[in-house]
Participant: 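I am attaching a structure below and will ask some questions about it afterwards.
From a predicted model like this one, the values you see are computed outputs, not experimental measurements.
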Amino acid sequence: MADTALLELRLASVILDGAAAVDRVSLSVGRGEFVVLRGPTGSGKSTVLKLLAGLVQPTAGEVIVAGDRVDAFNEMERRWLRRSMGLMMQEGRLLEDRTIHENVMLPALAAEESYAEARRRALLALEKCGIADLAPALPGRLSAGERQLALLARAVVNRPVVILADEPVAHLDEANAGALLALLSAFARAGVTVVAASHKALPVTDVPMREIILRAPGATEVFR
């Protein structure tokens with residue numbers, strides 16, 4: 001584990017619709033680590049990722065990224081935070097009326113890069129993910145595995161220091177899951193901090209990986 005903590009939760013809780021989505025969770029992720037948050041449905045995996053990205057505010061506790069209290073940020077500061085992160089959330093979708101190249105450009109344009117620079121970065125990201133040949137295609141032509149690779153390319157187009165991936169291989173066959181995990185491992189080897197949420201163990205073998213087991217609020221048994 002890296003010595004310097006990059007991401008931390010300190011007794012963080014989130015109440016949604018009157019129920020605890022996350023209950024007093026504390027965790028720490030070092031710079032350059034590959035960490036898998038594992039637990040059953042309802043254990044708060046997705047909410048933990050959203051806390052770290054500043055997409056959800058804690059009801060109690062602290063969220064710390066690179067030493068800064070994210071829970072004390074205003075909305076503008078949270079948007080700036082997310083520019084340093086690559087997000088693969090379950091609700092993330094490709095825009096069906098735009099090419100893959102145009103989809104991958106979007107975070108760079110949102111970060112106020114020029115159109116030409118956004119196009120260049122997007123092509124580089126697609127090349128890193130091995131799908132540069134799909135740049136002119138519309139999302140409807142892609143397989144499930146290719147869509148996930150396109151979402152990963154979009155997540156890394158701004159050269160993030162952190163990748164947060166929610167169930168990245170949940171709907172992929174073994175071959176496509178292996179390809180995506182190999183890419184996430186490659187980013188981790190390059191020094192990017194990777195945090196993936198998964199309801200099952202991920203077969204990551206080519207880079208050191210640490211599991212953090214979450215359990216549903218109120219559960220009496222730890223998920224295995």
Participant: Tell me which pairs pass salt bridge (Lys or Arg N to Asp or Glu O under 4.0 Å) where either residue lies in residues 47-63, with sequence neighbours left out.
Facilitator: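 Listed once each, the pairs are Arg10-Glu62, Lys50-Glu91, Glu62-Arg69.
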Participant: Hydrophobic cluster mates of Trp80, side-chain heavy atoms under 4.5 angstrom, ILVMFWY only, any path?
Facilitator: Met76
Participant: If hydrophobic residues (ILVMFWY) are linked whenever their side-chain heavy atoms come closer than 4.5 Å, directly or via other members, who joins Leu106 in its cluster?
Facilitator: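 Besides Leu106, the cluster holds Leu95.
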Participant: Mind checking whether Ile64 and Val70 have side chains closer than 4.5 Å, heavy atoms only?
Facilitator: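 In short, these two side chains do not touch, never coming nearer than 4.5 Å.
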Participant: Which pairs pass salt bridge (Lys or Arg N to Asp or Glu O under 4.0 Å) with one or both residues in residues 179-196, sequence neighbours excluded?
Facilitator: Arg189-Asp206
Participant: Surrounding CZ of Arg98 (heavy atoms of other residues, nucleotides or ligands, distance under 6.0 Å), is the total greater than 12?
Facilitator: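 No - once you tally the heavy atoms of other residues, nucleotides and ligands closer than 6.0 Å, there are 12 at most.
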Participant: Looking at residues at least two apart in the chain, or sitting in another chain, which of them share a salt bridge (Lys or Arg N to Asp or Glu O under 4.0 Å) with Glu211?
Facilitator: Arg38
Participant: Can you name the side chain to side chain contact (heavy atoms under 4.5 Å, CB included) partners of Ala188, sequence neighbours left out?
Facilitator: Phe34, Val194, Val207
Participant: What residues form a salt bridge (Lys or Arg N to Asp or Glu O under 4.0 Å) with Glu113, not counting sequence neighbours?
Facilitator: Arg121
Participant: Taking Ser13 for the side chain and Thr59 for the main chain, is one N or O donor matched with an acceptor at less than 3.5 Å?
Facilitator: no
Participant: Take Leu49 and Met89, measure what side chain to side chain contact (heavy atoms under 4.5 Å, CB included) needs, and give me the verdict at the end.
Facilitator: CA-CA 9 Å; Leu49 292 184; Met89 297 302 177; 4.0 Å; yes
Participant: Report the residues that fulfil salt bridge (Lys or Arg N to Asp or Glu O under 4.0 Å) with Glu75, sequence neighbours left out, ordered by chain and then residue number.
Facilitator: Arg78, Arg79, Arg82
Participant: Under the side chain to side chain donor-acceptor pair (under 3.5 Å) definition, can you give me all pairs with a residue in residues 167-176, not counting sequence neighbours?
Facilitator: Glu167-His199, Asp173-Asn176
Participant: Please write out which residues are connected to Leu109 in a hydrophobic cluster, directly or through intermediates, given that two of Ile, Leu, Val, Met, Phe, Trp, Tyr count as joined at side-chain heavy-atom separations below 4.5 angstrom.
Facilitator: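 Besides Leu109, the cluster holds Met105, Tyr115.
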Participant: Please check: side-chain N/O of Asn158 versus main-chain N/O of Pro107, any donor-acceptor pairing under 3.5 Å?
Facilitator: yes
Participant: Would you please name every residue forming a salt bridge (Lys or Arg N to Asp or Glu O under 4.0 Å) with Arg120, sequence neighbours left out?
Facilitator: Glu117
Participant: Hey, could you give me each pair passing salt bridge (Lys or Arg N to Asp or Glu O under 4.0 Å) that has a residue in residues 132-150? Not counting sequence neighbours.
Facilitator: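 Found Glu96-Arg147.
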